[in-house]
*Asks:* 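Before anything else, here's the structure in question.
These numbers come from the heavy atoms of this one structure, side chains and all, not from hydrogens, waters or symmetry mates. In each ligand, atom 1 is the first atom listed, and ligand 1 is the first ligand listed. Numbers here are sequence positions counted from 1.
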Amino acid sequence: MNHILSVAPMLDWTDKHCRYLHRLISEDAVLYSEMVTTPAILQGDTQKYIGYNQQEHPVVLQLGGSDATDLAKSCVIAQQYGYDEVNLNVGCPSDRVQKGRFGACLMNEPSLVVECLKSMQQAVDIAITVKCRIGVDNNDSFDNLQSFVGKIAHSGVKTIIIHARKALLKGLSPKQNRSIPPLNYDYVYKIKALFPELTIVINGGVNTITEAQQHLKQVDGVMLGRAIWNNPWLLHDLQSSLIAASNQSRDKVLQGYMKYCQNQIQKGVKLHWLLPPVLNLYHGIAGNKKWKSYLVTQAPKRVDDISLFEEAREFIEL
Ligand SMILES: Cc1cc2nc3c(=O)[nH]c(=O)nc-3n(C[C@H](O)[C@H](O)[C@H](O)COP(=O)(O)O)c2cc1C
């Protein structure tokens, strides 16, 4: 799979509706699910947690967990569902995740990570990848990161996504942990230089095409999260500059997404759930604020009426 461009996993944001929209915008970007924990898959309503649309490929399921057997079982299910890859979350710093002994705190337990990765890889044929930070708390030296990556590579994993800031496990909320610890791209570049055989994807604070192009001189891929949520059309521009020209337009995307909404509504999904990903589609264009506020205020009154998208579109001066 080509990892040159991807949209970051984002809990509560990159659900299947959001990914469907992103796929309409970019043919090739790799799309990630929100993090799903192994108990949710093994004991919960599996279809609800990991069901997706076939159009989303290439699509990666991100798992949260640290029990090698449960992770392996979850990978088998992911493979049965047709996911292209499974990614292990070694970067989330939330308290809930720390109590479950997974996410970023696993950076302090490389042997456990290796045990999990081996068991996951033995269970399935699809690739297993890792998303981690550059460090956690005081465990933040480059030597530590190099040793961690070396162990992961030894387990057979070939693709690592590195969020270029450390996580502080005490005292910062997950949101603060995405902005307060400073970005250190050099660590990620140095990892690529030391492990040229690995596919290294850089993540964190990438906001423009120029920045993405700069990173791609040093690493194999860029992963963007918030910048794409705030301006989904950036994904189109990235696709066009980094991969292949696209003749998609915002209005064609809107038409495609409206058809999708119609279909989802027939399956019982409320319009309310389908709105968030598309609210920023016209980011930066005159009338964007009115488009958004029309959608947000009208949606509760028009639970299953997608014509409100066309009404809101009238405000956009494009
Ligand atoms: C709302 C939100 C939810 C997130 N949820 C996840 C998650 O489920 N798994 C994960 O690995 N990272 C998660 N992240 C972190 C992003 O994947 C990414 O690493 C981070 O936002 C930095 O990239 P950015 O600066 O391009 O946004 C989340 C970020 C946001 C903003």
*Asks:* Write none if no such pair exists; otherwise list each N/O atom of ligand 1 with its protein N/O partner under 3.5 Å and the distance.
*Replies:*
{"residue": "ligand 1", "atom": "5 (N)", "partner": "L11", "partner atom": "N", "Å": "2.8"}
{"residue": "ligand 1", "atom": "8 (O)", "partner": "M35", "partner atom": "N", "Å": "3.2"}
{"residue": "ligand 1", "atom": "9 (N)", "partner": "Q62", "partner atom": "OE1", "Å": "2.8"}
{"residue": "ligand 1", "atom": "9 (N)", "partner": "N89", "partner atom": "ND2", "Å": "3.3"}
{"residue": "ligand 1", "atom": "11 (O)", "partner": "Q62", "partner atom": "OE1", "Å": "3.4"}
{"residue": "ligand 1", "atom": "11 (O)", "partner": "Q62", "partner atom": "NE2", "Å": "2.8"}
{"residue": "ligand 1", "atom": "11 (O)", "partner": "N89", "partner atom": "ND2", "Å": "3.4"}
{"residue": "ligand 1", "atom": "11 (O)", "partner": "K131", "partner atom": "NZ", "Å": "2.9"}
{"residue": "ligand 1", "atom": "12 (N)", "partner": "P9", "partner atom": "O", "Å": "3.4"}
{"residue": "ligand 1", "atom": "12 (N)", "partner": "K131", "partner atom": "NZ", "Å": "3.1"}
{"residue": "ligand 1", "atom": "14 (N)", "partner": "P9", "partner atom": "O", "Å": "3.3"}
{"residue": "ligand 1", "atom": "17 (O)", "partner": "P9", "partner atom": "O", "Å": "2.8"}
{"residue": "ligand 1", "atom": "17 (O)", "partner": "K131", "partner atom": "NZ", "Å": "3.0"}
{"residue": "ligand 1", "atom": "19 (O)", "partner": "K131", "partner atom": "NZ", "Å": "2.8"}
{"residue": "ligand 1", "atom": "19 (O)", "partner": "H163", "partner atom": "ND1", "Å": "3.4"}
{"residue": "ligand 1", "atom": "19 (O)", "partner": "N203", "partner atom": "OD1", "Å": "2.6"}
{"residue": "ligand 1", "atom": "23 (O)", "partner": "N203", "partner atom": "ND2", "Å": "3.0"}
{"residue": "ligand 1", "atom": "25 (O)", "partner": "G205", "partner atom": "N", "Å": "2.7"}
{"residue": "ligand 1", "atom": "25 (O)", "partner": "R226", "partner atom": "NH2", "Å": "2.7"}
{"residue": "ligand 1", "atom": "26 (O)", "partner": "G225", "partner atom": "N", "Å": "2.8"}
{"residue": "ligand 1", "atom": "27 (O)", "partner": "R226", "partner atom": "N", "Å": "2.9"}
{"residue": "ligand 1", "atom": "27 (O)", "partner": "R226", "partner atom": "NE", "Å": "2.8"}

*Asks:* Suppose we call two aromatic rings close when their centres sit under 6.0 Å apart. Are F315 and Y294 close by that rule?
*Replies:*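 For F315 and Y294, the ring centres are under 6.0 Å apart.
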
*Asks:* Would you call E56-R19 a salt bridge at under 4.0 Å N-O?
*Replies:*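 Judged by the 4.0 Å cut-off on N to carboxylate O distance, E56 and R19 do form a salt bridge.
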
*Asks:* Can you give me every donor-acceptor pair (side chain of residues 34-43, partner residue at least two apart or in another chain, under 3.5 Å) with its distance?
*Replies:*
{"residue": "E34", "atom": "OE1", "partner": "D12", "partner atom": "N", "Å": "2.6"}
{"residue": "T37", "atom": "OG1", "partner": "A40", "partner atom": "N", "Å": "3.4"}

*Asks:* Indicate yes or no: does E311 engage R302 in a salt bridge with an N to O separation below 4.0 Å.
*Replies:*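 Result for this pair is yes, salt bridge flagged.
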
*Asks:* Just distance, no hydrogens or angles: give the donor-acceptor pairs under 3.5 Å from side chains in residues 72-79, sequence neighbours left out.
*Replies:*
{"residue": "S74", "atom": "OG", "partner": "D70", "partner atom": "O", "Å": "2.8"}
{"residue": "Q79", "atom": "OE1", "partner": "D125", "partner atom": "N", "Å": "2.8"}
{"residue": "Q79", "atom": "OE1", "partner": "I126", "partner atom": "N", "Å": "3.1"}

*Asks:* Apart from L168 itself, which Ile, Leu, Val, Met, Phe, Trp or Tyr residues share its cluster (side-chain heavy atoms under 4.5 Å, direct or through members)?
*Replies:*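 Joined to L168, directly or through intermediates: L172, I180.
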
